[in-house]
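These numbers were taken from a predicted model, which means no experiment stands behind them.
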Amino acid sequence: MKKRNTFSSGIGFVLAAAGSAVGLGNIWRFPYLAAKYGGGIFLLFYILLVLTFGYTLMIAENAIGRKTGQSALCAFAALRKKWAFLGIIATLVPVIILPYYNVIGGWVIKYALTFVTRGHAAAAQDAFFDGMLASPGSQLLLQLIFSAVTTTVILLGVQKGIEKFSTILMPVLIALAIIVTVYSVTLPGALKGVKYLFVPDFSHFSVQGILAALGQMFYSLSLAMGIMIAYGSYLPKESDLEKNVSRIEIFDTGIAILAGLMIVPAVFAFSGGDESALGKGPGLMFITLPKVFESMGMSTVIGSIFFILVLFAALTSSISIMEAIVSSLCDRFGGSRTKTALGVGIGSFLVGIPPILGYNLWSGATIGGMTILDMMDFITNSVLMPICALLTCVFVVYVIGVNVIHEEVELSSKFKRKRLFDIMIKYIAPVLIALILISSILDAFGILKL
């Protein structure tokens, strides 16, 4: 049996796992949701959920990965053969996500190059984003570049590729985020946005806001998609699981707050305090923010730094998504890592073609009003991930028993938050996950608008 690759240090694991958490969703989805659901009150519940719900599922997934020494596709089967289907669901999530994530990564490359080459005035026009979507050839090339970089890092392996790349890139990403944050909060009128983001206003409290914070935390921490099981399988037995998870919580929350500070105060300053200017989805990053940079001066410098930062964030996440697939396939079928990585890279590029064509040549091919890319996102984020997380709770509590997780965590340290873990995974997490699943589906079909 081949010796399994491992992270060389705890900090290497934390930076790699934090890199997975710091992706496109964290940078533009978090600010939009924070603005929509009351700023400070949303942030308060987000932090509470990360420290309880997020902690619980991450401990469970890391412990399952380290105990079995297997990635998601094989880990559940290694503990209980009849539960092999859960590994298939967990692996299917990154298989669907990676192709369209590469497409969006290509968009980020386009904007980064545009700002670096002083094309900020063109990027600030409404037609720029639509023009990019209308060009399948350009998108294919950009997707190929993004996919090739991701595949190259995976080919280098765990220590020389993922760990080294994350150890270099994460500090750079944080430094760039701080630069943009300082610029943003010092703009005239920006302090109103800072106050909105940090001061909880309980008049904005809503159940929908809590569910939105829960959903954002859920996706931000890369839960229920095989990533944390794969990364856990690379941890040595002496590594302190609980301490590592706590560090990831800090990184994730810190970057989420920086993302809010980068964007919310700047848009407030740009719009005169109009919250609706934060927009939704790709419109925030690719349409509103270029206008903000153009109107505030220093647009070439700040815009370049921002989109390079976003590109780095996108890469750290795409690397973890691809690793979840490659490690699972290697564990299950025993092929070489090189051939598997190349196969996954080529496959994800080919599967990424339909989402690109869905914005131009196949624009009429919508499903329930959703484009191909939107449908892929809905299936993974709103359906498969909650189902996978719910079944993971059932698996831990009723199939293998929580003591299996206790014992794995206590191999390297005292399990300080054991009681919190037990209460969350037995009683609270399953209910919250079920609410996410039901509300997301109802929202998608217009039955319940969140």
Asks: Evaluate Phe115 against Ile305 for side chain to side chain contact (heavy atoms under 4.5 Å, CB included), listing each step before the verdict.
Replies: CA-CA 9 Å; Phe115 273 90; Ile305 292 173; over 6 Å; no
Asks: Could you state the interatomic distance from CD1 (Ile178) to CG (Leu173), rounded to the nearest 0.5 Å?
Replies: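 Reported value, rounded in 0.5 Å steps: 10.5 Å.
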Asks: Carefully, step by step, assess Met58 and Leu223 under the rule side chain to side chain contact (heavy atoms under 4.5 Å, CB included).
Replies: CA-CA 7 Å; Met58 189 171 289; Leu223 300 171; 4.0 Å; yes
Asks: Considering only heavy atoms from C-beta outward, does the side chain of Leu309 approach that of Val172 to under 4.5 Å?
Replies: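 In short, these two side chains do not touch, never coming nearer than 4.5 Å.
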Asks: Return the OH to CD1 distance between Tyr32 and Ile263, rounded to the nearest 0.5 Å.
Replies: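 CD1 of Ile263 is found 13.5 Å from OH of Tyr32.
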Asks: Can you name the nearest heavy-atom pair linking Ala341 to Thr151, along with the distance?
Replies: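 Nearest pair, atom of Ala341 first, then Thr151: O-CG2, 3.8 Å.
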Asks: Has the side chain of Ser348 got a donor or acceptor atom that lies under 3.5 Å from a matching backbone atom of Gly345?
Replies: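 Yes; at least one donor-acceptor contact below 3.5 Å.
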Asks: Looking at side-chain heavy atoms only, is the closest gap between Phe312 and Met170 below 4.5 Å?
Replies: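 A side-chain contact under 4.5 Å is absent here.
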Asks: What verdict does the side chain to side chain contact (heavy atoms under 4.5 Å, CB included) test give for Tyr183 and Met262, after you've listed the backbone C-alpha separation in whole Å, the side-chain angles of each residue and the deciding distance to 0.1 Å?
Replies: CA-CA 8 Å; Tyr183 170 79; Met262 282 190 290; over 6 Å; no
Asks: Taking Ser440 for the side chain and Leu437 for the main chain, is one N or O donor matched with an acceptor at less than 3.5 Å?
Replies: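 Answer holds: no.
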Asks: May I ask you to check whether Ser239 and Ser412 show a side-chain donor-acceptor distance below 3.5 Å?
Replies: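 Side chains of Ser239 and Ser412: no pair found under 3.5 Å.
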Asks: Indicate the atoms forming the closest heavy-atom contact of Leu384 with Ile89, along with that distance.
Replies: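 Nearest pair, atom of Leu384 first, then Ile89: O-CG2, 4.2 Å.
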Asks: Does Phe205 have its ring centroid less than 6.0 Å away from the ring centroid of Phe45?
Replies: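 Yes, close enough.
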Asks: Is there a side-chain contact between Leu98 and Val344, using heavy atoms and a 4.5 Å cut-off?
Replies: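 Sidechains of Val344 and Leu98: in contact.
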Asks: What's the spacing between Leu43 CG and Thr253 OG1 if we round to 0.5 Å?
Replies: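 Between Leu43 CG and Thr253 OG1, I get 8.5 Å after rounding to 0.5 Å.
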Asks: Is it true that Ser246 and Arg417 share a donor-acceptor pair across their side chains at a distance under 3.5 Å?
Replies: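 The answer is yes; a qualifying pair exists.
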Asks: Short question: side chain of Thr380, backbone of Met376 - any donor-acceptor pair under 3.5 Å?
Replies: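 Answer holds: yes.
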Asks: How about Phe270 and Leu289: do any of their side-chain heavy atoms sit closer than 4.5 Å?
Replies: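 In short, these two side chains do not touch, never coming nearer than 4.5 Å.
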Asks: We want to know whether Thr371 and Asp374 form a side-chain donor-acceptor pair, criterion being a heavy-atom distance below 3.5 angstrom.
Replies: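 On atom types as modelled, these side chains qualify, holding a pair under 3.5 Å.
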Asks: Rounded at 0.5 Å granularity, tell me how far CG in Leu221 sits from CG in Leu57.
Replies: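 Between Leu221 CG and Leu57 CG, I get 9.0 Å after rounding to 0.5 Å.
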Asks: Taking the six-membered ring for Trp and the full ring for Phe, Tyr or His, determine whether the centres of Tyr111 and Phe128 are under 6.0 Å apart.
Replies: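 Close enough - the centres of the two rings lie under 6.0 Å apart.
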Asks: Quick check: do Thr167 and Lys164 have side-chain heavy atoms less than 4.5 Å from each other?
Replies: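 Side-chain contact under 4.5 Å: no.
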Asks: As a quick check of understanding, evaluate side chain to side chain donor-acceptor pair (under 3.5 Å) for Glu323 and Tyr234, giving each step before the final call.
Replies: CA-CA 11 Å; Glu323 177 60 26; Tyr234 298 140; 2.4 Å; yes
Asks: For the backbone of Gly106 and the side chain of Gln139, can you confirm whether one donor and one acceptor N or O come within less than 3.5 Å of each other?
Replies: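 No.
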Asks: What residue among Phe146, Tyr359, Phe307 forms ring pair (Phe, Tyr, Trp, His ring centres under 6.0 Å) with Trp107?
Replies: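 With Trp107 as partner, ring pair (Phe, Tyr, Trp, His ring centres under 6.0 Å) holds for just one option, Tyr359.
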Asks: Just wondering, do Asn244 and Leu235 contact through their side chains at under 4.5 Å, heavy atoms?
Replies: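 Of all side-chain heavy-atom pairs linking Asn244 with Leu235, at least one is under 4.5 Å.
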Asks: Please determine whether side chain to side chain contact (heavy atoms under 4.5 Å, CB included) holds for the pair Met217 and Leu214, giving the CA-CA distance in whole Å, both sets of side-chain angles, and the decisive distance to 0.1 Å.
Replies: CA-CA 5 Å; Met217 177 281 308; Leu214 184 61; 3.6 Å; yes
Asks: For the side chain of Asn102 and the backbone of Gly352, is there at least one donor-acceptor N/O pair under 3.5 Å apart?
Replies: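 No; judged by distance alone, with no hydrogens or angles, the pair does not exist.
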Asks: Find out whether Leu261 and Ser184 are in side-chain contact, i.e. whether some heavy atom of one side chain is under 4.5 Å from a heavy atom of the other.
Replies: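 A side-chain contact under 4.5 Å is absent here.
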Asks: In Å and rounded to the nearest 0.5 Å, what is the CZ to CD1 distance from Phe415 to Ile405?
Replies: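 The CZ atom of Phe415 sits 8.0 Å away from the CD1 atom of Ile405.
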Asks: Below 4.5 Å, heavy atoms only, C-beta onward: do Phe421 and Thr52 meet side chain to side chain?
Replies: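 Side-chain contact under 4.5 Å: no.
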Asks: Given 3.5 Å as the limit, does a donor-acceptor pair link the side chain of Ser439 with the main chain of Ile436, or not?
Replies: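 Side chain of Ser439 to backbone of Ile436: a pair is present.
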Asks: Check for a donor-acceptor pair, side chain of Ser233 on one end and backbone N or O of Ala230 on the other, with a separation under 3.5 Å.
Replies: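 Between the backbone of Ala230 and the side chain of Ser233 there is a qualifying donor-acceptor contact (under 3.5 Å).
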Asks: Between the side chain of Ser135 and the main-chain N/O of Met132, is any donor-acceptor distance below 3.5 Å?
Replies: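 Answer holds: no.
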Asks: Taking atom types as modelled, is there a side-chain donor on Asp377 or Tyr100 under 3.5 Å from an acceptor on the other?
Replies: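 On atom types as modelled, these side chains qualify, holding a pair under 3.5 Å.
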Asks: Taking atom CD1 of Ile425 and atom OH of Tyr55, what is their separation to the nearest 0.5 Å?
Replies: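 Rounded to the nearest 0.5 Å, the CD1-OH separation comes to 11.0 Å.
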Asks: Just by modelled atom types, is the Cys388 backbone N or O under 3.5 Å from a matching donor or acceptor in the Thr392 side chain?
Replies: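 Answer holds: yes.
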Asks: Show the nearest heavy-atom pair for residues Gln143 and Ile353, with the distance to one decimal.
Replies: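 It is NE2-N, 4.4 Å.
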Asks: Phe30 vs Tyr46, test: ring pair (Phe, Tyr, Trp, His ring centres under 6.0 Å). Steps then yes/no.
Replies: CA-CA 10 Å; Phe30 179 86; Tyr46 177 81; 5.2 Å; yes
Asks: Does atom NZ (Lys291) have a neighbourhood of more than 12 heavy atoms from anything else shown, all under 6.0 Å?
Replies: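 Above 12, so yes.
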Asks: Quick one: does Thr152's side chain have a donor or acceptor within less than 3.5 Å of a partner on Ala148's backbone?
Replies: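 Checked: pair present.
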